[in-house]
A.B. asks: 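Attaching a single structure in structure tokens format; questions to follow.
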Amino acid sequence: MNDTQTTETQVELLAELNGAKCRCGKKKQTGNTFCSRCYHALPFGLQGQLYLRFGQGYEAVYARCAKKLDAKGSGRA
């Protein structure tokens, strides 16, 4: 991934983080990555890693979480 793609990904993730809708389509708190149901469907270790900062691991953790949620059927609506 090049710097432009990284920046675009970060902008998209930041918009999702600041939004009121989870990737599954349900309502979520602004500032939370996922709705409560999706968050609690994740392994405990991944939950804690969602507090990493942008550019310092958050993007990779988000991708791992999204993959886990998709596998559990809690992915995008």
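FYI, side chains are in, hydrogens and waters are out, and symmetry mates aren't considered; it's all heavy atoms of this structure.
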A.B. asks: Looking only at heavy atoms, what is the nearest atom pair of Cys65 and Leu50, with distance?
C.D. replies: SG-CD2, 3.9 Å
A.B. asks: For the CD atom of Gln29 and the CG atom of Leu17, what is their distance to the nearest 0.5 Å?
C.D. replies: 12.0 Å
A.B. asks: Determine whether Val61 and Tyr51 fall in the same hydrophobic cluster, where Ile, Leu, Val, Met, Phe, Trp and Tyr are linked whenever their side-chain heavy atoms lie under 4.5 Å apart.
C.D. replies: yes
A.B. asks: How close do Cys38 and Leu69 get, counting heavy atoms only, and between which atoms?
C.D. replies: O-CD2, 3.4 Å
A.B. asks: Do we see a donor-acceptor contact under 3.5 Å between the side chains of Tyr58 and Gln49?
C.D. replies: no
A.B. asks: Between the side chain of Glu59 and the main-chain N/O of Gly55, is any donor-acceptor distance below 3.5 Å?
C.D. replies: yes
A.B. asks: Under the ring-ring contact (aromatic ring centres under 6.0 Å, His included) criterion, do Phe54 and Tyr62 qualify, and how do the steps go?
C.D. replies: CA-CA 10 Å; Phe54 277 85; Tyr62 178 91; 9.2 Å; no
A.B. asks: Please report the interatomic distance OG1(Thr33) to CZ(Arg23), rounded to the nearest 0.5 Å.
C.D. replies: 11.0 Å
A.B. asks: Quick one: does Lys68's side chain have a donor or acceptor within less than 3.5 Å of a partner on Lys72's backbone?
C.D. replies: no
A.B. asks: Start with the C-alpha distance between Lys21 and Glu16, add both sets of side-chain angles, then the distance that settles side chain to side chain contact (heavy atoms under 4.5 Å, CB included), and finish with yes or no.
C.D. replies: CA-CA 8 Å; Lys21 188 184 278 190; Glu16 189 171 331; over 6 Å; no
A.B. asks: Which heavy atom in Asn18 sits nearest to a heavy atom in Thr30, and how many Å separate them?
C.D. replies: O-CG2, 3.0 Å
A.B. asks: How long is the gap from SG on Cys35 to NZ on Lys26, to the nearest 0.5 Å?
C.D. replies: 7.0 Å
A.B. asks: Working to the nearest 0.5 angstrom, can you tell me the gap between Cys22 SG and Tyr39 OH?
C.D. replies: 13.0 Å
